[in-house]
Number of protein chains: 2
Amino acid sequence: MAVKKGYNNCLDTVRPVRDTLEVINGKWKLPIIISVGIGNERFTDIQDSIDGLTPKVLAKELKDLEQHQLIKRIIIEDYPVKISYRLTPYADTLNPIIFALKDWGINHKKKIFNKE
Amino acid sequence: MAVKKGYNNCLDTVRPVRDTLEVINGKWKLPIIISVGIGNERFTDIQDSIDGLTPKVLAKELKDLEQHQLIKRIIIEDYPVKISYRLTPYADTLNPIIFALKDWGINHKKKIFNKE
DNA sequence: TATATCGCTTTCCTTTAGGAAAGTACTTTA
DNA sequence: TAAAGTACTTTCCTAAAGGAAAGCGATATA
C-alpha cells in the first residue's frame with residue numbers, strides 16, 4: 001500500500017518543467033537563440049546584439065546549444081573561412097516558450113510601472 | 001544619423017524575456033509555484049513535494065516570491081500558530097509559461113528517448 | 001609594414017546558487 | 001518528562017556562472 005504523505009503530488013508538472021529548465025538555463029541561452037533566430041549568424045554579430053555578453057560566455061553557450069541540437073555551426077569554406085550559426089528546426093519548437101516569456105515580461109513591466 | 005551596425009536588433013524580444021527570467025530564475029521558483037498552486041500550503045508539504053529542496057533554499061525562494069507578489073504568506077492565529085502559503089492571482093499569469101515549459105519538456109524527453 | 005577584423009581561447013577573479021547538517025523556539029502528543 | 005513536529009535560521013562549504021582583460025593565429029586592408 002501507499003506510504004502516507006500529507007502533500008499533493010506535483011511531479012507530473014514539476015519534472016518536465018525542470019527538464020526544460022536544464023536545457024535553457026542561465027541568462028544567455030534564450031537571448032542567443034532569439035538573436036540567431038532573427039538572423040544574426042556571425043559570432044561578432046551575435047555578441048554585439050546582446051548587451052553584456054562576453055566572447056567567452058558566448059563561445060561556451062554556443063557549444064551547449066549545439067550539443068542540445070538547437071543551433072548548428074556551419075563552416076563556410078571560403079577565403080577566409082567563415083563560420084555561421086543557424087537555428088535548427090528543433091529550435092523553433094521553443095517559440096511558444098519564448099513568446100510566453102516575452103508577453104509576461106512586457107506585462108510585468110507595465111504592472112510595475114503603473115504601481116510606482 | 002544612426003551608427004552603422006552589422007547585426008540585427010533583437011532587443012524588442014530579448015529585453016522582456018530577460019526581465020521575466022530575472023523574476024523566475026533558478027532551479028526552484030517555478031517548481032515551488034507549481035507545488036503551491038496545486039494545493040501545498042505548508043512549508044513542510046512544499047518541501048516534501050519537491051525532490052532535493054532544502055529548507056534553507058525554500059525559505060529564501062519563498063521570500064523572493066513574496067517580494068515579487070507571486071506568493072502570499074498567511075499567518076493563522078491559532079494554537080499553535082500556523083503559516084500558510086498561497087498563490088496570488090498574479091501568479092496565475094505565469095500559467096502560459098509553465099504550460100509551455102511543461103509541454104516542451106515532455107516532448108524533449110520523447111525525442112531523446114526515441115533517439116537512443 | 002602596420003593596423004584591423006574574426007572567432008575564438010586563456011587566465012584570473014568575484015559572485016551567486018545551492019547543498020549538508022545542526023540548531024532553535026515553540027507546541028503538541030505519549 | 002521525553003519525543004516529535006513546525007517553520008524556519010545559521011554556519012560552513014563547494015560548484016557553477018559570469019565578468020574583465022589579454023592573447024592568438026589567420027586573413028585583410030591601408
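Since the structure is predicted, the reported quantities are computational estimates derived from the model, not experimental observations. Naming: A, B, ... by sequence-line order, numbering from 1 per chain.
- Put simply, CD1 on B:Ile106 and OG1 on A:Thr20 are 8.5 Å apart, with the number rounded to the nearest 0.5 Å.
- Put simply, A:Thr44 has a side-chain N or O that comes within less than 4.0 Å of OP1 or OP2 on C:dG7.
- Between the P atom of C:dC8 and the NZ atom of A:Lys82 lies a distance of 14 Å, rounded to the nearest Å.
- For the segment residues 61-75 of chain A, the set of residues with a heavy atom within less than 4.0 Å of an atom of DNA chain D comprises A:Glu61, in numerical order.
- Side-chain proximity of A:Ile83 to C:dA17, D:dA17, C:dG7: nearest is C:dG7.
- Distance B:Gln47 CD to C:dA20 P: 12 Å, rounded to the nearest Å.
- When the P atom of D:dG5 is taken as reference, atom OH of A:Tyr7 falls 15 Å away, rounded to whole Å.
- At least one test fails for B:Lys72 against the ring of B:Tyr85: distance under 6.0 Å to the centre or angle within 45° of the axis.
- Residue B:Ile46 contributes atom CD1, which lies 19 Å from atom P of D:dG5 at whole-angstrom precision.
- Residue A:Lys27 places none of its side-chain N or O atoms closer than 4.0 Å to OP1 or OP2 of C:dT16.
- None of B:Val23, B:Ile24, B:Leu87 except one satisfies the side-chain contact (heavy atoms from CB on, under 4.5 Å) rule with B:Leu94; the exception is B:Ile24.
- Atom-to-atom, OH of A:Tyr85 to C1' of C:dC6 comes out at 11 Å; the value is rounded to the nearest Å.
- Residues A:Pro55 and A:Gly26 each lie close to DNA chain D; by heavy-atom proximity, the contact nearer the 5' end of the strand is made by A:Gly26.
- Judged by distance alone, the side chain of A:Asp45 and the main-chain N or O of A:Asn40 form no donor-acceptor pair under 3.5 Å.
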### Task
Take B:Lys29 and B:Asn25 through the test side chain to side chain donor-acceptor pair (under 3.5 Å) and record every step on the way to the result.
CA-CA 7 Å; B:Lys29 292 207 180 63; B:Asn25 60 359; 2.9 Å; yes

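- The side chain of A:Trp28 contributes no N or O atom lying less than 4.0 Å from OP1 or OP2 of D:dA16.
- Picking from C:dG7, D:dG18, D:dA17 the nucleotide with the shortest atom distance to the side chain of A:Val57 gives D:dG18.
- Atom NZ in A:Lys60 sits roughly 12 Å away from atom P in D:dG19 (whole-Å rounding).
- Per the geometry, CD1 belonging to A:Ile76 stands 17 Å off P belonging to D:dT27, to the nearest Å.
- No side-chain heavy atom of B:Arg15 sits less than 4.5 Å from a side-chain heavy atom of A:Lys102.
- Taking atom NZ of residue B:Lys56 and atom C1' of nucleotide C:dT16, one finds them 10 Å apart after rounding to whole Å.
- Annotation for B:Ile83 and B:Arg73: closest pair CD1-NH2, 3.4 Å, computed over non-hydrogen atoms.
- Taking only side-chain nitrogens and oxygens, A:Arg42 never comes nearer than 4.0 Å to OP1 or OP2 of C:dC6.
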